[in-house]
Amino acid sequence: MKGQWILWVLLLMLGSGMTYGQEEGSAELFTESYTDQFQEAFFEALKQKGIENYDRAEALMLEAKKFDPDNPVVDFELARILNQAKAYRRATPYGLKALQSDPSQYWYLDTFMKALKPQRMNPEAFASELPLEEPAFRLNLAQWYMSEGAYDKAKTQLSPISGLEEARWLEQEISVLESIKDPATSANQDKESGPSEDRRTVASLESRMEALITSEDWKALEDESGEALGLFPLQPYFYYSQALAVLRQGRPEKALEFLKEGEGFILEPSESAQKIYRTFVETYNALGTPEKAKKYQDKLKSGL
């Protein structure tokens, strides 16, 4: 039951169709192994974090940790709370402990790196405590550096594992992202590959989607956002644009499918996340389920 609970929370945090607001059914899942006090402290800590009351959130999460001191999810949440409170030095050991429990877990790595970055520290400083040579860890680290625009560091992580298919895919994406960053490179690629090559960049595709939304060309938006998803299946924005396109054409059930998929790729509060939540509200209202729309309306208000 304990392992099942941890899995549930991880799925919840990864956006696999669940959110912190979805507590239905959780009581049955927790009752056998976790006290009411643990549940109350844990979920109240998440609530306090959501309203930026970080001191209270930390105190409550530490209270939850007393009931289950080795739970990596609690360490992960403590690190997130302290990162958001800009207490990076105190966040580091919690982030490290969570990451040590599962070095292949991207969100543990993401939180740990966000604690290190303001301190001008690198993961190599913890070489004796982390499996820096494991391919899964290197892939995650490369992805994190990519998200920061540190493409040279990302390529450094991929170099020793360049034979892996996942590494080759990331190397290709880095090349595309570098072409956006370096206009000269992009111009050279246009000469070599033709004018359509620019459409393969995330930024240019998003710009194209926004133009189609403004012109209300929903059929073209459906077609082109579908192509964009084929190129960049991890980008929440393209799930939003695809959902909006089919919703505007009278297919709310299909829109809901795309929105649920896109929600799974939301990593943190962002403009794309807000657009997905707004479209959830509109879609659920179109489907006649305003109670479900309210959940996403609340997310919009909280800025999550």
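For this chain, numbers begin at 1 and follow the sequence in order.
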Does the pair [X]/[Y] count as a salt bridge with the N-to-O cut at 4.0 Å?
| X | Y | answer |
| --- | --- | --- |
| Arg138 | Glu166 | no |
| Glu282 | Arg278 | no |
| Arg168 | Glu165 | no |
| Glu44 | Arg56 | no |
| Lys254 | Glu222 | no |
| Glu148 | Lys153 | no |
| Glu224 | Arg208 | yes |

Between [X] and [Y], is the ring centre distance below 6.0 Å?
| X | Y | value |
| --- | --- | --- |
| Phe76 | Tyr108 | yes |
| Phe280 | Tyr277 | no |
| Tyr151 | Tyr145 | no |

Tell me whether the NZ or CZ atom of Lys65 lies within the 45° cone about the ring axis of Phe67 and under 6.0 Å from its centre.
no
Around Glu124, counting heavy atoms of other residues, nucleotides and ligands shown, do more than 12 lie under 6.0 Å from its CD?
yes
Test salt bridge (charged side-chain N to carboxylate O under 4.0 Å, His left out) on Glu58 and Arg90; report intermediate values, then the result.
CA-CA 11 Å; Glu58 179 188 3; Arg90 289 196 292 124; 2.5 Å; yes
So, do Ile174 and Leu158 sit near enough that their side-chain heavy atoms are less than 4.5 Å apart?
yes
Any chance the side chains of Glu171 and Ser162 put a donor and an acceptor closer than 3.5 Å?
no
Tell me whether Tyr237 shares a hydrophobic cluster with Leu212, the cluster being built from Ile, Leu, Val, Met, Phe, Trp, Tyr side chains joined at under 4.5 Å.
yes
Going through the checks in order, is the ring-ring contact (aromatic ring centres under 6.0 Å, His included) test met by Phe126 and Phe112?
CA-CA 11 Å; Phe126 300 87; Phe112 180 60; 5.3 Å; yes
